[in-house]
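The first residue of the sequence shown is numbered 1, and numbering continues consecutively from there. From a predicted model like this one, the values you see are computed outputs, not experimental measurements.
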Amino acid sequence: MGELELQVVARAGKSFAAHQFHRGALRVLRPHYLDDSGQVCYVVVNPGGAYLGADLYVLDVEVGDGADLLLTTQSATKIYRTPESFAEQRMTVRLGEGSRLELAPDQVIAYREASYRQKTHITMRPTSSLVMAEVITPGWSPDGASFRYEELRLRNEIHVQTDGGTRLLALDNLLVRPPLDDVTGTGFMEGYSHLGSLVVADARVDQALADELHQLAEKFDAYTGISLSATMDGITALVLRSLSNSTEKLNTLLGGCSGLLRQRWYGQAPLNLRKY
């Protein structure tokens with residue numbers, strides 16, 4: 001069991017944590033400022049090193065009005081055998097007016113006989129901005145084959161809150177169950193083993209941006225598709241899904257797309273988290 005609460009607020013052009021709480025196998029490292037934009041970077045750490053059967057990790061993140069948070073992890077999320085029950089992560093995010101959240105965790109690695117469920121519930125305002133990236137890769141198995149895990153279930157819900165109430169903007173549900181389905185073939189993984197996702201929700205998302213990101217993705221050795229949600233209260237969600245046989249290639253592709261947004265929208269350089 002691990003619990004983490006993080007509340008970030010802005011003051012004098014700089015974001016910082018007004019509240020932190022952790023219990024069990026989750027915590028955050030001291031904050032970093034990667035440039036002079038005022039965006040604060042926090043790194044989530046799991047001292048146990050991996051997720052095991054029946055583990056439950058609960059994260060609650062709030063980014064206040066005008067605040068800017070980059071949230072990443074210290075290393076890959078490794079899911080080992082889960083014979084008793086699946087491992088699970090539940091994350092709740094609330095974004096205030098004019099706030100921004102970049103979620104850039106390291107990859108999820110599912111090993112043989114692993115079952116993992118991840119639920120992310122995000123509530124944002126029409127003036128909020130969200131960019132979240134994810135890479136999923138199969139872990140090592142004794143016979144060298146991929147897709148030896150039991151199940152991966154990742155669900156992202158994005159809601160828009162206004163004075164008139166809260167409505168669902170986008171629901172992104174990914175389910176991979178190798179023992180029940182042929183996930184390697186046409187219409188699923190298309191012969192690839194690694195999967196990357198980029199989710200963007202922002203008032204500046206439109207078809208022109210989707211077309212530009214698709215053209216950018218075509219320069220990489222991966223198979224990519226992009227979907228747009230309907231526009232709700234002036235905000236639109238974009239989901240980019242990419243397939244490859246390499247974590248590094250997917251990280252480079254997703255980093256290139258998010259780097260374009262960082263430069264255009266905020267005048268920031270592409271992310272360099274220096275994890276080496």
Side-chain angles (χ1 to χ4, degrees), residues 1-8 16-17 19-32 34 39-63 69-94 101-122 130-141 148-156 174 176 194-199 247-248 250-251 254-255 258 271-276:
M1 181 75 179
E3 294 181 70
L4 175 65
E5 297 176 4
L6 180 64
Q7 180 187 21
V8 173
F16 63 95
H19 169 74
Q20 294 183 58
F21 169 81
H22 68 83
R23 179 167 55 189
L26 280 181
R27 61 199 63 190
V28 291
L29 301 179
R30 64 182 181 85
H32 295 272
L34 305 181
Q39 181 186 51
V40 63
C41 173
Y42 277 95
V43 179
V44 178
V45 178
N46 178 358
Y51 289 12
L52 303 173
D55 281 0
L56 174 61
Y57 298 88
V58 180
L59 299 91
D60 187 277
V61 178
E62 181 175 352
V63 186
L69 170 63
L70 167 62
L71 193 63
T72 184
T73 56
Q74 186 182 43
S75 60
T77 298
K78 299 176 181 178
I79 319 297
Y80 291 145
R81 293 178 65 247
T82 56
E84 298 178 6
S85 180
F86 54 83
E88 184 175 6
Q89 176 180 291
R90 302 174 188 166
M91 185 174 187
T92 302
V93 176
R94 295 175 301 280
L101 173 63
E102 281 189 89
L103 278 173
D106 282 5
Q107 67 269 22
V108 173
I109 306 176
Y111 288 86
R112 184 177 57 156
E113 299 179 31
S115 293
Y116 176 61
R117 297 183 182 181
Q118 180 176 294
K119 300 177 182 178
T120 304
H121 186 282
I122 300 167
L130 169 72
V131 177
M132 53 189 297
E134 190 98 57
V135 173
I136 298 171
T137 174
W140 177 88
S141 62
R148 292 307 190 197
Y149 53 84
E150 295 292 315
E151 177 183 277
L152 286 178
R153 186 188 298 261
L154 283 73
R155 179 184 177 94
N156 299 315
L174 175 66
V176 186
H194 295 51
L195 186 148
S197 298
L198 182 72
V199 178
T247 298
E248 182 180 358
L250 288 177
N251 282 334
L254 299 180
S258 64
L271 276 179
N272 180 8
L273 295 174
R274 299 186 291 276
K275 296 181 184 178
Y276 51 83

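Counting all heavy atoms, side chain and backbone alike, Gln74 lies closest to Val43 at N-CG1, 3.4 Å. Of all the heavy atoms in Gly196 and Leu250, the pair that sits closest is N-CD1, 3.6 Å. Of all non-hydrogen atoms in Leu6 and Ala17, the two that sit nearest each other are CD1-CB, 3.9 Å. In plain terms, the two heavy atoms of Tyr42 and Leu29 that are nearest each other are CD2-O, 3.5 Å. Arg112 and Arg81 make their closest contact through O-CG, 3.1 Å (heavy atoms, listed as atom of the first residue, atom of the second, distance). In terms of heavy-atom proximity, Ala87 sits nearest to Thr82 at N-CG2, 4.1 Å.
Enclosure of atom CD in Glu248 is not indicated, since only 12 or fewer non-hydrogen atoms of other residues, nucleotides or ligands lie within 6.0 angstrom.
Interatomic distance, Tyr149 OH to Glu113 CD, rounded to the nearest 0.5 Å: 14.5 Å. Rounded to the nearest 0.5 angstrom, Ile109 CD1 and Tyr51 OH are separated by 12.5 Å. Expressed to the nearest 0.5 Å, how far CD of Glu84 lies from CG of Asp55 amounts to 9.5 Å. Between the CD1 atom of Ile79 and the CD atom of Glu151 there is a distance of 12.0 Å, given to the nearest 0.5 Å. Here the CZ-NE2 distance, from Arg90 to His121, works out to 13.0 Å after rounding to the nearest 0.5 Å. Note that CD of Gln89 is 6.5 Å distant from OG1 of Thr77, once rounded to the nearest 0.5 Å.
Ion pair Arg94/Glu62 flagged as a salt bridge, since at least one NZ, NE, NH1 or NH2 atom sits closer than 4.0 Å to an Asp/Glu carboxylate oxygen.
Put simply, the side chain of Ser197 never gets that close to the backbone of Glu134: no donor and acceptor are under 3.5 Å apart. Panel note: side chain Ser115, backbone Glu150; no donor-acceptor pair is recorded below 3.5 Å. No donor-acceptor pair under 3.5 Å is formed between the side chain of Thr120 and the backbone N or O of Asn156.
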Next item on the list: Before giving the answer on side chain to side chain contact (heavy atoms under 4.5 Å, CB included), spell out for Leu195 and Leu174 the whole-Å C-alpha distance, their side-chain angles and the decisive distance to 0.1 Å.
Entry: CA-CA 10 Å; Leu195 186 148; Leu174 175 66; 3.9 Å; yes

Checklist line | Glu88 and Lys119: CA distance, side-chain angles, deciding distance, side chain to side chain contact (heavy atoms under 4.5 Å, CB included) verdict | finding: CA-CA 8 Å; Glu88 184 175 6; Lys119 300 177 182 178; 3.7 Å; yes

Check: Are Val93 and Leu59 close enough, and set up right, to give a side chain to side chain contact (heavy atoms under 4.5 Å, CB included), and what steps lead you there?
Finding: CA-CA 8 Å; Val93 176; Leu59 299 91; over 6 Å; no

Next item on the list: Kindly determine whether Val40 and Phe16 satisfy side chain to side chain contact (heavy atoms under 4.5 Å, CB included), including the steps that lead there.
Entry: CA-CA 6 Å; Val40 63; Phe16 63 95; 5.7 Å; no

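Across Leu271, Val131, Leu198, a single residue satisfies side chain to side chain contact (heavy atoms under 4.5 Å, CB included) together with Leu254, and that is Leu198. When each of Val58, Asn46, Val44, Val45 is tested with Leu4 by the rule side chain to side chain contact (heavy atoms under 4.5 Å, CB included), just one qualifies, namely Val44.
Contacts of Glu3 classified as salt bridge (Lys or Arg N to Asp or Glu O under 4.0 Å), with partners at least two apart in sequence or in another chain: Arg23. Evaluation of the salt bridge (Lys or Arg N to Asp or Glu O under 4.0 Å) rule for Glu5 yields no partner, not counting sequence neighbours.
Glu102 is listed as a side-chain neighbour of Gln39, based on a closest heavy-atom distance under 4.5 Å. Proximity of Met91 to Val61: side-chain heavy atoms (C-beta onward) are separated by under 4.5 Å at one or more points.
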